[in-house]
4 protein chains.
Amino acid sequence: MTGTKLWSGRFTEETDARVEEFTASIHFDRRLYRYDIKGSIAHATMLARQGVITDDECSSIVSGLRAIQDEMEQGVFVFDSGQEDIHMAIEAALISRIGHAGEKLHTGRSRNDQIALDLRLYLRDEITGVIDCIGRLKQVLLRRAKEEVDTILPGYTHLQKAQPVRLSHYLLAYREMFDRDEERFRSCFERVNVMPLGSAALAGTSIPIDRAYVAELLGFPRLSANSMDAVSDRDGPAEFIFDAALTMTHLSRFCEDLILWSTDHFGFVEMADSFTTGSSIMPQKKNPDTAELVRGKTGRVYGDLMSLLTVLKGLPMTYNRDLQEDKEPLFDAADTLVSSLDVFEGLVETMAFRRDRMFEEAARGFATATDLAEYLVTQGIPFRSAHNIVGRLVGYCLEQEKDFSGLSLEEIRQFYSDADETVFELFSVQASPDRRSVPGGTAKSAVLQRIKEIEEADEH
Amino acid sequence: MTGTKLWSGRFTEETDARVEEFTASIHFDRRLYRYDIKGSIAHATMLARQGVITDDECSSIVSGLRAIQDEMEQGVFVFDSGQEDIHMAIEAALISRIGHAGEKLHTGRSRNDQIALDLRLYLRDEITGVIDCIGRLKQVLLRRAKEEVDTILPGYTHLQKAQPVRLSHYLLAYREMFDRDEERFRSCFERVNVMPLGSAALAGTSIPIDRAYVAELLGFPRLSANSMDAVSDRDGPAEFIFDAALTMTHLSRFCEDLILWSTDHFGFVEMADSFTTGSSIMPQKKNPDTAELVRGKTGRVYGDLMSLLTVLKGLPMTYNRDLQEDKEPLFDAADTLVSSLDVFEGLVETMAFRRDRMFEEAARGFATATDLAEYLVTQGIPFRSAHNIVGRLVGYCLEQEKDFSGLSLEEIRQFYSDADETVFELFSVQASPDRRSVPGGTAKSAVLQRIKEIEEADEH
Amino acid sequence: MTGTKLWSGRFTEETDARVEEFTASIHFDRRLYRYDIKGSIAHATMLARQGVITDDECSSIVSGLRAIQDEMEQGVFVFDSGQEDIHMAIEAALISRIGHAGEKLHTGRSRNDQIALDLRLYLRDEITGVIDCIGRLKQVLLRRAKEEVDTILPGYTHLQKAQPVRLSHYLLAYREMFDRDEERFRSCFERVNVMPLGSAALAGTSIPIDRAYVAELLGFPRLSANSMDAVSDRDGPAEFIFDAALTMTHLSRFCEDLILWSTDHFGFVEMADSFTTGSSIMPQKKNPDTAELVRGKTGRVYGDLMSLLTVLKGLPMTYNRDLQEDKEPLFDAADTLVSSLDVFEGLVETMAFRRDRMFEEAARGFATATDLAEYLVTQGIPFRSAHNIVGRLVGYCLEQEKDFSGLSLEEIRQFYSDADETVFELFSVQASPDRRSVPGGTAKSAVLQRIKEIEEADEH
Amino acid sequence: MTGTKLWSGRFTEETDARVEEFTASIHFDRRLYRYDIKGSIAHATMLARQGVITDDECSSIVSGLRAIQDEMEQGVFVFDSGQEDIHMAIEAALISRIGHAGEKLHTGRSRNDQIALDLRLYLRDEITGVIDCIGRLKQVLLRRAKEEVDTILPGYTHLQKAQPVRLSHYLLAYREMFDRDEERFRSCFERVNVMPLGSAALAGTSIPIDRAYVAELLGFPRLSANSMDAVSDRDGPAEFIFDAALTMTHLSRFCEDLILWSTDHFGFVEMADSFTTGSSIMPQKKNPDTAELVRGKTGRVYGDLMSLLTVLKGLPMTYNRDLQEDKEPLFDAADTLVSSLDVFEGLVETMAFRRDRMFEEAARGFATATDLAEYLVTQGIPFRSAHNIVGRLVGYCLEQEKDFSGLSLEEIRQFYSDADETVFELFSVQASPDRRSVPGGTAKSAVLQRIKEIEEADEH
């Protein structure tokens with residue numbers, strides 16, 4: 001047999017065509033080529049310094065790899081369909097170009113530690129990119145929050161009007177979530193930033209390599225400490241996908257709100273034409289597709305997470321081919337997250353808030369009921385009794401079909417005999433938020449204080 | 001604004017480029033083109049019969065669509081990057097080719113019912129294809145089972161040797177699973193085989209269409225009964241993906257066994273060189289990659305299921321753009337299942353069973369302990385006492401480091417004083433399975449009976 | 001060692017206390033006691049008929065089991081903490097009560113086929129119960145739909161007003177979903193209704209049992225056909241949980257709508273006080289908790305599904321202890337589904353529709369735009385042009401801040417020069433639905449026709 | 001209406017009994033009582049310092065709460081079935097005991113921030129407990145690794161023998177995983193360690209509370225910065241469950257190995273009788289149930305993760321009742337993880353390694369093939385050629401049915417003509433690992449170095 005497979009020494013039959021197609025990963029792992037070549041250059045450089053290959057061989061390898069990279073970047077590289085993955089594709093191309101020296105590149109390493117390295121290089125870049133996207137979205141949120149410090153809207157619990165809040169406070173709530181997301185990605189980066197090469201197949205290698213030097217060349221502060229773990233570990237991808245899933249969760253919540261707010265019924269936002277689309281049949285439609293799709297794509301990232309966790313569950317040590325199924329969910333989660341953050345940032349940036357509608361709706365219903373109850377507490381009524389008094393007053397209003405603003409002092413006194421004119425101030429939607437000046441509260445002072453803190457933190 | 005979007009009448013801004021890319025589905029829904037065109041031809045044919053369009057317009061539409069299909073099949077159709085999905089791509093191409101008449105095709109329908117139709121046409125084909133693959137695998141299993149009726153191997157529970165069984169019995173156990181899988185797909189087909197066109201956006205249409213005629217043209221036995229449900233229903237894709245997930249589960253279990261069996265330690269099967277691959281570093285390796293990947297890909301289909309369910313959860317009526325996220329998990333699950341079944345069939349077909357190793361291992365350990373216990377029951381000893389007697393006998397053997405075959409009658413009598421020479425027959429691994437002749441048991445008679453039933457059923 | 005474990009013959013050490021607690025299933029599988037006893041009575045009856053035990057032994061076993069069942073039903077049975085599962089708890093109790101005869105009950109069976117049987121008996125009951133709940137909910141939906149045939153509300157796509165529809169049509173859309181759910185559960189029942197006992201540990205038994213007689217006693221139409229499959233198969237639980245997950249999905253969508261409809265902004269429904277709850281701090285709140293919790297519990301059932309699938313993935317043949325983890329997700333899914341259906345039925349039954357609000361909102365916006373476009377088609381304008389004309393007209397209205405109803409004929413003629421007075425009829429929200437009289441459409445005639453079909457089907 | 005609900009002021013109907021049962025959380029959130037009371041005591045203490053309540057009222061509240069806690073700890077507290085959750089149960093009990101003062105406890109807070117606090121207090125404890133368990137398991141692994149530094153076993157990739165490794169190296173690979181798990185839990189702790197009380201329903205409160213003082217009393221270093229975020233944030237539970245899922249993944253892999261190793265075929269470990277169980281029918285069985293169950297329970301934690309993520313997806317701001325579904329998956333994941341770690345530690349501690357079997361199996365097969373290939377590299381043969389030479393030599397051995405040890409120098413020279421006697425040293429399984437002395441490798445020196453590093457790190 002004259003197999004073209006670089007590993008075909010002991011085999012006597014050609015691989016079945018179905019198997020070749022089924023087991024190939026080249027159609028998705030090719031996107032790792034930059035990392036694969038970067039790792040190979042570092043490996044070759046080290047092999048030369050260690051005297052395992054000559055400097056000439058090294059130069060030949062490095063320039064061969066760079067030429068391959070150039071072709072790949074220009075999209076002119078011709079992939080040999082017989083090569084099952086990006087590692088083999090590059091190695092085979094190198095050998096066919098530079099001959100003998102190319103056959104020495106794989107000395108002291110295995111595809112097992114090579115893919116472990118590629119994934120870590122990929123993840124470092126991807127995490128950096130995600131943090132960047134989150135940062136831009138956070139900037140937009142801050143800017144819009146600063147513009148809307150004086151905008152009042154109804155705050156909801158259970159989607160029922162609860163208490164008037166500032167729009168800026170609402171927007172900054174999402175900023176908190178994205179802060180935590182960013183933090184999680186930063187933690188993930190630290191754990192990913194470890195150099196696995198030199199673990200070879202599973203046990204390390206007898207070739208006199210210098211792992212620390214490779215790490216230095218590639219900018220890794222730490223070496224993996226156990227070769228068996230290093231080739232079978234997929235914690236990084238799993239953690240990344242989870243972090244992505246949680247970020248998508250936050251986006252999905254924001255989207256849900258914006259979809260509601262852009263209904264005719266709420267009418268709180270007007271999305272830009274450029275961020276919405278129309279209907280093939282109904283000429284009047286302007287649909288919040290961008291927000292809907294971001295919400296929908298959350299499911300996709302959850303699926304990616306479940307997919308990878310299932311692959312890993314119950315796998316014996318060390319590398320098993322099941323692990324090839326790590327890449328597609330990882331790439332999909334990363335791509336989905338980045339594009340969702342990006343498009344969502346544009347959506348938030350371009351949408352118009354309808355302040356009048358927000359205020360009008362904040363004033364309808366009984367959103368200041370808690371203000372009244374808390375006032376009664378200051379008058380010496382225990383909170384539970386105060387709650388009950390106001391609850392009954394609301395019941396009375398519903399029966400009479402009036403809002404608080406339609407009540408007379410006499411009517412109020414049926415429920416709280418000591419009431420005087422000051423109670424009417426409590427019903428003001430404008431004034432209500434400012435009573436909640438506790439740190440983290442929705443009062444103007446509290447919101448401005450938080451904005452100040454954020455700006456100070458951003459400066460560092 | 002001179003938007004190229006067919007729905008752009010009320011819009012005053014161009015769609016943002018990021019949004020265009022983010023919301024486009026053309027890169028994955030293009031594979032539905034055959035179904036989309038098939039549905040459009042039926043729709044146009046009906047519109048002509050109803051007098052909504054003229055026969056000439058209909059001819060023009062039909063031949064225009066056929067020309068587009070031809071180009072697509074030959075891979076020469078040029079997709080207009082401005083068209084967001086396959087429906088718009090085809091409609092726009094049609095209009096640009098045949099003009100006015102093309103503008104009439106979308107009369108009385110919406111993309112909402114159009115995609116509902118496309119998905120059902122796709123699912124009908126895909127389910128048929130899956131059932132075909134399962135059928136082929138079942139045939140291979142039957143054939144190999146018939147060859148191995150006399151092969152004895154250890155049966156396991158908890159991966160501990162339990163009782164000797166026939167290899168044919170083992171293989172037919174998997175056939176049972178695939179029988180159920182096939183049945184589930186058939187149920188799914190019935191539920192999918194319903195014609196949604198005519199539901200339009202969500203409410204039906206005022207155009208005098210004839211839904212029953214469209215159904216007849218497309219071979220659907222039933223019409224969807226509620227337009228709002230019809231455009232928002234994704235039960236078919238969800239059920240299909242679940243059925244695929246369960247079939248993959250069965251495959252994953254089979255793979256696990258085969259991976260174990262092809263270890264040096266078990267040594268029960270020798271996979272064909274053509275269904276295994278080698279190592280980039282370790283020259284001696286021959287890895288069961290095919291089986292590992294099928295097992296791994298199970299996670300992928302679980303992910304697809306979770307993804308779609310999450311998309312659907314809590315969606316308000318009726319169509320929401322989130323639903324666009326139904327297609328990729330569906331396609332991925334279908335493709336993964338079909339290729340896994342296909343490659344697995346080849347694996348099972350080509351692997352060699354090592355009957356000697358199986359027998360040898362069945363004979364080691366205490367796999368006939370239950371035979372002895374059940375024999376004691378026939379001697380009037382209550383089962384619990386019999387179990388205890390044999391358990392203690394096993395304990396004795398372990399202590400003495402011998403197998404049942406190494407025991408003398410005297411030793412046995414220390415545990416069961418009435419023992420005579422006949423007990424030694426009970427230890428025969430060859431004879432043991434035939435004692436289990438109950439229907440569904442592992443006796444030769446029971447297995448042959450089951451094979452007969454299967455062959456009779458297959459004939460119908 | 002004087003172990004109390006019935007299987008302790010070969011063991012020389014007591015089970016570690018942590019292991020005992022960790023591996024015990026008695027705290028959740030005890031709820032299967034009725035099924036376990038029912039199966040044991042059938043097994044004993046068969047053993048007696050086969051002459052494996054005497055009639056006296058059988059009577060003694062049966063009355064012993066009945067006494068145990070009575071105690072369990074009255075909650076007075078004292079569970080022996082040393083017994084790890086319900087099978088052992090009952091068998092040990094039986095032996096301690098009736099002695100010798102009790103030791104014979106486990107003849108010719110194993111816990112492996114015993115739990116397989118218990119689960120199938122449980123599932124048959126549970127599926128029947130679920131179908132019952134779905135049936136009641138479907139009845140409520142039909143009744144309410146009949147009451148609301150003349151109620152018009154806005155239909156939505158993308159949560160944007162799309163076209164006016166009948167409330168009855170909307171309610172019946174959900175009935176369609178529950179119809180499919182019921183069908184799926186019926187398919188599942190057929191697949192579950194198979195008798196596994198006699199498979200013993202994995203290979204069948206050498207005891208001369210009569211499986212067909214046991215099936216007859218327990219009302220099973222079919223025997224499992226392969227003992228190895230029978231003890232390791234968990235398709236029934238998996239399929240049941242998926243069917244439950246999809247039903248919950250439908251409920252979650254309905255809940256989402258009702259939560260939106262009960263906001264101040266939509267105001268379409270008023271939930272009964274008895275189906276809502278209040279706030280600990282805000283006295284005015286009346287929250288749609290029931291609907292929110294049903295929606296939330298959907299996640300729980302998805303989790304149950306993922307949990308069981310993960311357990312099954314890659315398990316080697318046949319029984320493995322992992323399978324003990326099948327019961328809790330199954331029970332949880334069943335309990336969650338039944339209670340959700342039950343409480344949701346009450347919610348739908350008791351909520352009040354605010355017909356005036358629905359009509360008022362249907363009339364706002366441009367929900368009849370498609371009527372106008374489809375009218376233009378009847379005037380000979382190709383649909384795409386008609387769509388564009390109406391789209392621009394809507395754009396004009398938005399600019400002028402008026403609804404269709406505020407347009408003059410002159411204004412309309414700027415967009416469609418042939419317009420006459422009849423166009424104003426097209427804007428009528430009352431008349432619009434009746435134009436969609438296609439089967440499955442929202443016209444009164446179509447809805448009444450569907451109601452008739454449903455009632456006829458229900459009679460059978 | 002004389003409702004017993006503390007929020008019943010505005011309600012005119014009693015809650016439906018089904019709803020009461022369906023919405024109740026008291027059966028699972030009661031386990032938070034310690035945290036709820038701790039938070040209430042801090043809240044009351046602060047209210048008194050702020051002059052909102054008197055010192056006498058505070059004393060009365062604090063001693064009332066302590067009495068309730070005592071009763072709960074002793075299991076004598078009688079839960080009022082009308083109270084839906086632990087907050088209401090405790091508040092109602094307090095009011096019934098101390099009257100008026102009790103009605104003041106809920107001043108300036110809501111159940112929304114109360115449960116947010118309870119969950120964070122719970123998580124802090126739970127994470128601490130988990131880290132403790134991981135620490136103990138890591139100690140056992142280290143101890144056993146130190147005992148087995150000289151034990152050689154076959155290392156596997158694809159479950160095929162790959163290269164000989166040290167058992168200590170294998171055990172420390174798992175320690176690496178648990179190190180990362182621990183680190184993730186520590187990161188999670190930092191993010192959870194934030195004080196939410198004072199956020200009230202969603203907007204903060206107008207009562208003059210002192211959040212910083214409460215944080216100080218409860219040992220929180222930070223205050224939540226946005227009240228809307230604080231009451232709707234469930235990142236902590238989600239992150240915890242993910243961290244648990246990944247830890248379970250690692251355990252599941254270890255379990256898989258141990259289950260394989262305790263088969264008759266591998267025979268590498270003998271689990272203690274006290275950590276295994278028997279069969280109800282097969283007297284000889286000793287099953288690795290503990291390991292199987294840990295592996296199985298992994299699915300359960302994945303389910304918990306999917307469950308919570310699904311609950312959170314697309315939830316509008318701020319608190320929605322769906323969030324009540326956060327607790328059961330959280331509790332279940334925590335309990336499952338803690339008990340799994342605990343029992344697994346015992347399993348690892350008590351199992352016996354069968355060193356002879358490991359060595360014997362390492363020597364069979366061609367596990368030293370890579371040693372030979374790497375040797376050839378040192379002789380100036382490019383790695384790819386060396387790989388091919390050895391691959392063909394293995395093919396020859398398979399054909400001749402011999403191991404490397406059975407080869408003559410002549411035979412070897414057919415493949416590598418320059419071979420001399422030194423090649424035989426390369427086949428030594430004993431010597432092979434020590435050639436892999438690279439950091440993280442399996443050489444004795446590398447393993448001892450790693451042990452030293454671990455011990456030094458543990459000291460800090």
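All values reported here derive from a predicted model rather than from experimental measurement.
Chain C forms more heavy-atom pairs under 4.5 Å with one residue of Asn112(D), Asn287(D), Asp304(D), Val294(D) than with any other, namely Val294(D). Ranked by heavy-atom pairs under 4.5 Å with chain D, the first of His106(C), Glu20(C), Glu84(C) is His106(C). Contact count against chain C (heavy-atom pairs under 4.5 Å) is highest for Ser274(D) among Gly296(D), Gly299(D), Ser274(D). The most heavy-atom pairs under 4.5 Å with chain C, out of Gln114(D), Arg111(D), Glu21(D), come from Arg111(D). The most heavy-atom pairs under 4.5 Å with chain D, out of Thr298(C), Asp273(C), Ile281(C), come from Asp273(C). Between chain C and the options Ser279(D), Cys255(D), Ala17(D), the largest number of non-hydrogen pairs under 4.5 Å is found for Ser279(D). Options Thr23(C), Thr205(C), Asp326(C), Ile259(C) differ in how many heavy-atom pairs under 4.5 Å they form with chain D, and the most are formed by Thr23(C).
When heavy atoms are compared at a cutoff of 4.5 Å, Glu328(D) approaches chain C solely by way of its side chain, counted from C-beta outward. In this structure, no portion of Val301(D) lies under 4.5 Å from any heavy atom of chain C. With a 4.5 angstrom heavy-atom cutoff, Thr277(C) touches chain D via backbone and side-chain atoms both. No part of Pro329(C) comes within reach of chain D, as not one of its non-hydrogen atoms sits under 4.5 angstrom from that chain. With a 4.5 Å cut-off on non-hydrogen atoms, Leu315(C) touches chain D through its side chain but not through its backbone. With a threshold of 4.5 angstrom between heavy atoms, Thr107(D) does not approach chain C through any atom at all. With a 4.5 Å cut-off on non-hydrogen atoms, Leu347(D) does not touch chain C at all.
Residue Glu325(C) holds its CD atom at 4.0 Å from NZ of Lys297(D), rounded to the nearest 0.5 Å. Atom CG of Asp322(C) and atom CZ of Arg295(D) lie 4.0 Å apart (nearest 0.5 Å). Summarising the geometry, atom NZ belonging to Lys286(D) is positioned 11.0 Å from atom CH2 belonging to Trp7(C); distances are rounded to the nearest 0.5 Å. To the nearest 0.5 Å, atom NZ of residue Lys285(C) and atom CZ of residue Phe11(D) are 9.5 Å apart.
Applying side chain to side chain contact (heavy atoms under 4.5 Å, CB included) to Val19(C) and the options Thr276(D), Asp289(D), Thr350(D), Val343(D) leaves one that passes, Val343(D).
In plain terms, the two heavy atoms of Phe22(D) and Thr290(C) that are nearest each other are CE2-O, 4.0 Å. The heavy-atom pair separating Gln284(C) from Arg10(D) by the smallest distance is O-NH1, 2.8 Å.
Within residues 306-313 of chain D, the residues approaching chain C closer than 4.5 Å by heavy atoms are, in numerical order, Met306(D), Ser307(D), Thr310(D), Val311(D).
Between the Arg321(D) side chain and the Leu293(C) main chain, no donor and acceptor come within less than 3.5 Å of each other.
Residues Ser280(D) and His87(C) have side chains that never bring a donor and an acceptor to within less than 3.5 angstrom of each other.
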